[in-house]
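Presented below is the structure to which this report refers.
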Amino acid sequence: MATTAPTGSPPSPPSLTHPPPPRKLTSVKALSESPGLSSIPSIYTFPKQPNHEPVSDTKEPIPTIDFSLLISSNPDERSKTIRELGKACRDWGFFMVTNHGVPERMMKAMIEVCREFFELTEEEKGECEGKHVLDPIRYGTSFNPSVDKILYWRDYLKIFQHPAFHSPSNPPSFSEIALEYSKRTRGVMKEIVRGISESLGLEDKYIEKASSLENCLQIMVANLYPPCPQPELAMGLAAHTDHGLLTLLIQNDTVGLQVLHKDKLVNIHPIPNSFLVNIGDHIEILSNGKYKSVLHRAVVNDRDVRISIALAHGPAADVAVNPAPMLLEDGQNPLAYPAIKYKEYVELQQSSKLDGKSYLEHIRNRGI
């Protein structure tokens, strides 16, 4: 059974529709542990793409933002860091955040307790199986098996952490660790959002107010990518962008994230005790395209388990997000995105197959 800890905040948003439940699938973890497994089932085999972007270990380092300088009382230090943050958003859409104040032991504990969840029996994990993309606790495999034609080499646990906090009941320590971790990361997220707002020339709390961040929809996504006997044929997650404002990601020591930068997929090697942060579709919408969400994907290997934990932070569920009017005033930047309620965006994007930036492009310059 799963538990919900009331926080005095509004309940999670209700589901809008209920598509047919996904077909029952064996977890990738169970499949990978099958005795004598030397090849993957054809349903996990992705077709070769001859024109696919090359992969590289770029010599251009991913930007790093020192969080302690972003919140510095020294105006010169803070202004310089905000300019660096704006450049990171424009040039990469991804950046490392160091000196953020979240204890390393807490980050490691969060990874470990997620590992413990994935080590539970299939029956125990199955108690968290959700039926709809807006269910507050949802365990599953692939991305959306009801529409995926080829399955991803990935198991996941998705949990709504705010405005109402939810947690699986097992492992017993999950709730306590996740509650504190989600609070601390929300604090980091808010300061970064304020910096992004200022880097756009907006008032520091513009995005915070426009998206009702006090009631932000915070979703934890724990991903398990087990070893794969044919990693060159499989995919952890295809190239996609994230919904929402900011995603803060931590992972174990196994590398597997690739980011599209200058038309090449770049392997990302995180800095220890840092957050890898990327801007989401709703920063692109709020900035009217000045800052763009960036495609990224997860690949797998034949040796090591990779665990990543992403905390996606979006506007409040019922907020309709649209470009900041101040960014349209010079007449050079016509309105590019219509307003859409955040929960509707999440539901429609998550109910579809994973397909790059297709949903954001679908609403650009048109209604949904």
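Nothing fancy with the numbering, it's 1 onward along the sequence.
- Within a 6.0 Å sphere centred on CG of Asp253, other residues, nucleotides and ligands contribute 12 heavy atoms or fewer.
- Residues Thr81 and Leu85 form no side-chain contact, since every pair of their non-hydrogen atoms from C-beta on lies 4.5 Å or further apart.
- Between the side chain of Gln258 and the backbone N or O of Leu265 there is no donor-acceptor pair closer than 3.5 Å.
- Of all heavy-atom pairs spanning Gly101 and Arg184, the tightest one is O-NH2, 2.6 Å.
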side-chain contact (heavy atoms from CB on, under 4.5 Å) between Asn223 and Ile309, intermediate numbers included: CA-CA 6 Å; Asn223 302 294; Ile309 303 169; over 6 Å; no
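- Once rounded to the nearest 0.5 Å, the distance linking CG of Leu213 with SG of Cys216 reads 6.0 Å.
- Between Ser27 and Glu122, the side chains place a donor N or O and an acceptor N or O closer than 3.5 Å (distance only, hydrogens not considered).
- The backbone N or O of Asp76 sits nowhere less than 3.5 Å from a side-chain atom of Ser79 that would complete a donor-acceptor pair.
- Proximity of a side-chain donor or acceptor of Trp153 to a complementary backbone N or O of Pro226 within less than 3.5 Å is detected.
- A salt bridge does not link Lys343 with Glu347: every distance from a Lys NZ or Arg NE/NH1/NH2 to an Asp or Glu carboxylate oxygen is 4.0 Å or more.
- Pro61 has its side chain out of reach of Met96: every pair of non-hydrogen atoms, C-beta onward, lies at least 4.5 Å apart.
- Taking all atoms of both residues into account, the shortest heavy-atom contact from Ser38 to Gln230 is O-CG, 4.1 Å.
- Between the side chain of Asp155 and the backbone N or O of Lys29, at least one donor-acceptor pair lies under 3.5 Å.
- Residue Val277 is grouped with residue Tyr181 when hydrophobic side chains (ILVMFWY) are merged at heavy-atom distances under 4.5 angstrom, including chains of intermediate members.
- Using bins of under 30°, 30° to 60° and over 60° for the plane-to-plane angle, the ring pair His240/His296 lands in the tilted bin.
- Between Ile62 and Leu276, the closest side-chain pair of non-hydrogen atoms falls below 4.5 Å.
- Judged by distance alone, with hydrogens and angles left aside, the side-chain atoms of His100 form a donor-acceptor pair with the main-chain N or O of Asn273 at under 3.5 Å.
- For Asp135 (side chain) and Arg138 (main-chain N/O), no donor-acceptor pair under 3.5 Å exists by modelled atom type.
- Taking a cutoff of 4.0 Å between a charged side-chain nitrogen and a carboxylate oxygen, Glu119 and Arg115 do not qualify as a salt bridge.
- Side-chain atoms of Asn252 come within 3.5 Å of backbone atoms of Val305 as a donor-acceptor pair (strictly under, hydrogens ignored).
- Using modelled atom types, one finds no donor on one side chain facing an acceptor on the other under 3.5 Å when comparing Ser197 with Asp204.
- Other residues, nucleotides and ligands contribute over 12 non-hydrogen atoms within 6.0 Å of the CD atom of Glu116.
- Salt bridge absent: Arg105 and Glu112 never bring a charged side-chain N and a carboxylate O closer than 4.0 Å.
- Taking both residues in full, the closest heavy atoms of Pro172 and Asn170 are given as CD-OD1, 3.7 Å, listed atom of the first, atom of the second, then distance.
- A donor-acceptor pair is defined here as one N or O able to donate and one able to accept, closer than 3.5 Å; such a pair exists between the side chain of Arg78 and the backbone of Leu70.
- Within the 4.5 Å cutoff, side-chain heavy atoms of Leu157 are placed close to those of Pro168.
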Derivation of the side-chain contact (heavy atoms from CB on, under 4.5 Å) call for Leu233 and Tyr44: CA-CA 8 Å; Leu233 301 180; Tyr44 292 95; over 6 Å; no
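- Side-chain N or O atoms of Asn99 include none that pairs as donor or acceptor with a backbone N or O of Asp66 at under 3.5 Å.
- Ile159 has its side chain out of reach of Ile219: every pair of non-hydrogen atoms, C-beta onward, lies at least 4.5 Å apart.
- Here CG of Leu311 is found 4.5 Å from OG1 of Thr185. Values are rounded to the nearest 0.5 Å.
- A donor-acceptor contact shorter than 3.5 Å is absent between the side chain of His282 and the backbone of Asp242.
- Separation of atoms NZ (Lys190) and CD (Glu208) is listed at 6.0 Å; rounding is to 0.5 Å.
- Lys87 has no carboxylate O lying under 4.0 Å from a charged side-chain N of Glu84, or vice versa, which leaves the two without a salt bridge.
- The shortest non-hydrogen separation linking Ala310 to Leu249 is CB-CD1, 4.1 Å.
- For Ser199 and Tyr291, the side-chain atoms include at least one donor-acceptor pair closer than 3.5 Å.
- Relative orientation of the Phe143 and Tyr152 rings is perpendicular, given thresholds of 30° and 60° on the angle between their planes.
- Between Tyr337 and Gly289, the shortest heavy-atom contact is CE1-N, 3.7 Å.
- By the 4.5 Å heavy-atom criterion applied to side chains, Val319 and Asn215 are not counted as neighbours.
- No side-chain heavy atom of His166 sits less than 4.5 Å from a side-chain heavy atom of Lys158.
- Phe94 has its ring centre no less than 6.0 Å from the ring centre of His261.
- You'll find the side chain of Ile40 stays beyond 4.5 Å of the side chain of Leu31, heavy atoms only.
- Ring centroid separation for the pair Phe67 and Phe275 does not come in under the 6.0 Å cut-off.
- Going from atom NZ of Lys80 over to atom CG of Leu69 covers 8.0 Å, rounded to the nearest 0.5 Å.
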